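Let me begin by presenting the structure, written as structure tokens, before commenting on it.
The sequence lines fix the lettering, A, B, ..., with proteins before strands; numbering per chain opens at 1. All values below were derived from every heavy atom in this structure, side-chain atoms included, with hydrogens, water molecules and symmetry-related copies excluded. The structure presented is a predicted model; accordingly, all values stated were derived computationally and were not measured.
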Amino acid sequence: MLDKAKLRRADIFSGAVVFLFGLWIVGQAFRMPMKDSFGGVMNVWYVSPALLPLFIGGILMVLGFMLSRAGLKTVGFGELKNALQWLGSRRLLWFLTSDGSMRFYAVSILFLTLVFLNLPRIDFFVSAVFFLFPFITLFYFYDDFLLKKLLALYAMGAAAFILYFSLGIDAVAASLVPFGTDLLAVCFLILYGLYAWKWIRPDPSRRRKYRIAITMAIVAPFFIGVIFKYFLMVPMPKEGLIVAVLDYLWYLEFLITRI
Amino acid sequence: MIFFEQLGTYFQMLVYHVSNPVHLAILFGSVLLGIIFGALPGLTSTLGVALLTAITYGMDTGSAMLCLLAIYVGGTYGGSYSSILINIPGTAASAATALDGYALALKGEAGRAIGLSTTSSAIGTIISMLFLVTVSPIVLHFALQFTSFEFFLLAFFGILISGTLTTPDLVIKGWISGFLGLFLACVGRDRLQFYPRFTFGIPELDSGIEVVPVLIGAFGIPQIIQVLRERIQIGDVQKTAANHSLNSRPLSGTSPRSCVPP
């Protein structure tokens, strides 16, 4: 836990953020219907959808102010000045580029790309491997130099995929090649795997970890995914290349074709 | 009189089910499945009941009800495993278990925490079942008197009490957390006028935010980030805020034994 002085200094900023957030809630609440007509019905103030957000926003503003005040009372304005100076100094840059911060960026990028980029657009099994394999390799080797190298490649791949989807190239690829996006993701995974292999190849212990990473990244989603898809009948968020192959095998579609 | 009648019927049914070995096997199997579901973060007891309903199709009504109830109870209890061991509540009901259970696990007393959780869950289930069969007709009259005002005051009281009791630092922080939770509950369509609040035009937010994703986001993701950012070795006893809140004795060793008081 942070010591009391540091905690109170952080409270000043946290309180300000909470105050601003409360202000934003109140601002949004004022845009909601109060006594006006909504959906053709005239309303009274006490059934307004704005009532609860107004209350919550107001309370958060008060509590945020109280938190900042408590922090300021404890550490004083001198400490606040020091904290603001730190924000404008080179030490902030060191902090932002420190190994701990890099690890934080790595986790954040992996989660954000999984939730907002891969899962809604790429086959579930490919998405899961796309998440797990980089996740395990980034952290399992316990090497910050390697983490930076692999993270750079992953971030570049993610940026390329963002461009690929935002420019609408995925629709063009799908019309040219069946499961074009999934195939592209598999290609990137192979590239990532080869790049990681290049760095870890000289070290036998890392080669062992690399094999474990590949095994876990592939086995875990297939074990859980197959149970959910075929035993519990839960549809996957996006069903593409791998699900089509699994369907082909599971429902014995190759036999039906022959018949 | 109704009280004793209800109690008599309950025990009659209990003896009937317990005396049947097939029912006992269903009971144990279903509780086990429920525990597995509850222990997996993201899979709730309700989801377990929904997904495993398929296995009850071949059963008679009594056995099916027994199976589904056992899955539900097992699932609710099973959430405490992940709460205690990895600080990620498996179900909404086990969110409070994470507060003390994980701190005990960090002190090397995970087994004790799980034992306490198991005992209290069993006692709680038995007492709640007895109350359900005996007092529910009386409670029904009170429950129907609850309107929006009472629900609001109850939520307000809950936030103030839980904020005051759980925060290790300033109580304001606990209250802020409670009101942030209340704000998250605001997201979605308003019940009276069906007006979309804080949905930003995203249709998925119209029905509001489910409790379990919020819990995993609030407990699980920060835990993962902390472990990876600070390179905490899973399984080692760590010097964390949780230790300080429970025990001021410094924890320097990496072995769980080194943290147990002599």
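For F21(A), the part lying near chain B is the side chain, with the backbone staying farther off; criterion is any non-hydrogen pair under 4.5 Å. With a 4.5 angstrom heavy-atom cutoff, L67(A) touches chain B via backbone and side-chain atoms both. For L60(A), the part sitting under 4.5 Å from any heavy atom of chain B is the side chain, from C-beta outward, and nothing else. Both the backbone and the side chain of V47(A) come within contact range of chain B, with heavy atoms under 4.5 Å apart.
When all heavy atoms of I26(B) and S63(B) are compared, the pair lying nearest together is CD1-CB, 3.9 Å.
Contacts between residues 93-114 of chain A and chain B, counted as heavy-atom pairs separated by less than 4.5 Å, involve F95(A), G100(A), S101(A), R103(A), F104(A), V107(A), F111(A).
Note that CD1 of I200(A) and CZ of R211(A) are 8.5 Å apart. Values are rounded to the nearest 0.5 Å. Atom CD1 in I56(A) sits 12.0 Å away from atom CG in L63(A) (nearest 0.5 Å). In this structure, OG in S127(A) is found 5.0 Å from CD1 in I122(A), a value given to the nearest 0.5 Å.
W24(A) and F200(B) have parallel rings, their planes meeting at less than 30° on a 0 to 90° scale where 60° marks the start of perpendicular. Ring-plane geometry between F135(A) and F131(A) is classed as tilted, the angle between the planes lying from 30 to 60 degrees on a 0 to 90 degree scale.
Pairs engaging residues 226-236 of chain A under the side-chain hydrogen bond (donor to acceptor under 3.5 Å, both in side chains) rule: K229(A)-E239(A), Y230(A)-D247(A) [sequence neighbours left out].
If you tally non-hydrogen atom pairs under 4.5 Å between each of L52(A), I59(A), V18(A), V234(A) and chain B, the highest count goes to I59(A).
Comment: K238(A) does not engage D123(A) in a salt bridge, judged by the lack of any side-chain N to carboxylate O separation of less than 4.0 angstrom.
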